[in-house]
Amino acid sequence: MANFYTEHPELRFHLNNPLMERICELKERSYKDKDEYDYAPQDFADAIDSYDKVLEITGEITGEVIAANAEGVDEEGPHCANGRVEYASGTKANLDAMVKVGLNGMTMPRRYGGLNFPITPYTMCAEIVAQADAGFGNIWSLQDCIETLYEFGNEDQHSRFIPRICAGETMSMDLTEPDAGSDLQSVMLKATYDEANNCWRLNGVKRFITNGDANLHLVLARSEEGTHDGRGLSMFIYDKNDGGVDVRRIENKLGIHGSPTCELVYKNAKAELCGERKLGLIKYVMALMNGARLGIAAQSVGLSQAAYDEALAYAKDRKQFGKAIIEFPAVYDMLATIKAKLDAGRALLYQTSRYVDIYKALDDIARERKLTPEERQEQKRYAKLADSFTPLAKGMNSEYANQNAYDCIQVHGGSGFMMEYACQRIYRDARITSIYEGTTQLQTVAAIRYVTNGSYAATLHEYELIPCAPEFEGYMNRIKEMTRKLEACTNAVKEAQNQELLDLVSRRLYEMAAVCVMSHLLLQDATKAPEMFGKSLNVYVNYAESEVEKHFNFIRKFQAEELASYRQA
């Protein structure tokens, strides 16, 4: 029987990271739930065992059910009739399977029916689901919108809505509009307070809404009349049971066919405020988007794993000129590079999720009691690390998913262009990952201040102090040299004091920082498990060096007067 968890020991390796002990201690509040819930862990070892068992169940369902349905769902897709969405038959079976084993509301407290899982094992589940079917992953993983409602909603909202998600109802986040894509400050869906009925009413159109006919929606709307910027926006909760929202159409997309992407029409729809007025974009959407970006990073890693598995299996089976094509350097070079990017990107994903786990847990504790000075320092440190690493994890893994899916087709040759092979679906599904929840260009905008203020460099220098295996010291020296070139480029661009120049080369600085970070993380992993990561370390550092050198040469030789050549307007 296929199991997408046990077949990939790298996942169990990341689950057993030393930082998980602190994460579990914080998330479980020193394991106080054990006296009230018989399924709550007794201690750290019990917690890890619990996560491992749930991951194994997830791996079995994805390997046996979701993966088996993926091609049928891709072909059938969802349907829209009378303003409602009907999922593909395979999607319904997938949802039913996940609900039956309780894989919903995973990160929510047990008092609401959740599993109280940290973000890290939940993110692993999201990766595994995406490996089987990235489109279904969108529907299932949108349950993590409940994190924002839990963080900013009131206790009454918690008690009414969170148990429903834990029981298997679905969610969506309704942000984008026809004239407000990346520029969410331009959102104009109108929210008006209805005094007579003591509720808010929403009117307008939302577009490109993933899983747009979900049970519960978090909606960004303009609550302050006469405003035109982010300060006039608030976050609202819309319950489909109240009616007032119709699906105008489902978009006809290149990929992720199982996931309905909808245009929604709000007609005096009843809603309630989540949190405070005017903080919808400034505070709540930022939290929502950071969670979503980590989710897309997980989806991207799942797609990379799927691409690698498909390419490897085909290369072993396909024979040309009297031998399997995996024996040809041109092919095993592609396979090794896919695997190296997969291992490096996964290391970045779970380092980021661990950072998120610690600061989120401390944030939650701060709502219960005052943090100690040491806890406040810890919270501040990990919040900054999470904020700086999230755009790296989302941007780089989505780019790698696209590259790896491309190379997967290339390994297949002409067969990869045929619809009966899964690699074409993986390729189509991967394309959106570098676009939605913030394009790679927007991830660069989010990350560049951490390049220019030296935050990434400081983290890299901290990583240099972590001992590595003696046989890997040469890699450490090479990564140090890569970091030196990153710092040299950063300083040169800052000294030029030219914002347009910085904007033009920011993607290159971003990628230099990212590959340096991933090289270090892969070095740390290879030191602990050389049999698992030693080959990828060698391949990835070779790749990363060439990327750094390419960007270093471009930035070092670039002259400000050349900017005019790049302007096409």
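What you see below is based on every heavy atom in this structure, not just the backbone, and it leaves out hydrogens, waters and symmetry mates. Positions are given from 1 along the sequence.
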Pairing of [X] and [Y] as salt bridge, 4.0 angstrom limit:
X	Y	answer
Lys550	Glu547	yes
Glu487	Lys485	no
Glu177	Lys206	yes
Lys394	Glu437	no
Arg508	Glu511	no

Pairs meeting criterion salt bridge (charged side-chain N to carboxylate O under 4.0 Å, His left out) with involvement of [range], two or more places apart:
range	result
residues 512-535	none
residues 119-144	Glu127-Arg346
residues 322-341	Glu10-Lys339, Lys339-Asp343

Please check if atom [atom1] in [X] has more than 12 non-hydrogen atoms from other residues, nucleotides or ligands closer than 6.0 Å.
X	atom1	value
Asp503	CG	yes
Arg431	CZ	no
Tyr406	OH	no

With no hydrogens and no angle check, is any side-chain donor or acceptor of [X] less than 3.5 Å from a backbone partner on [Y]?
X	Y	result
Glu7	Asn3	yes
Glu76	Ser89	yes
Gln424	Met419	yes

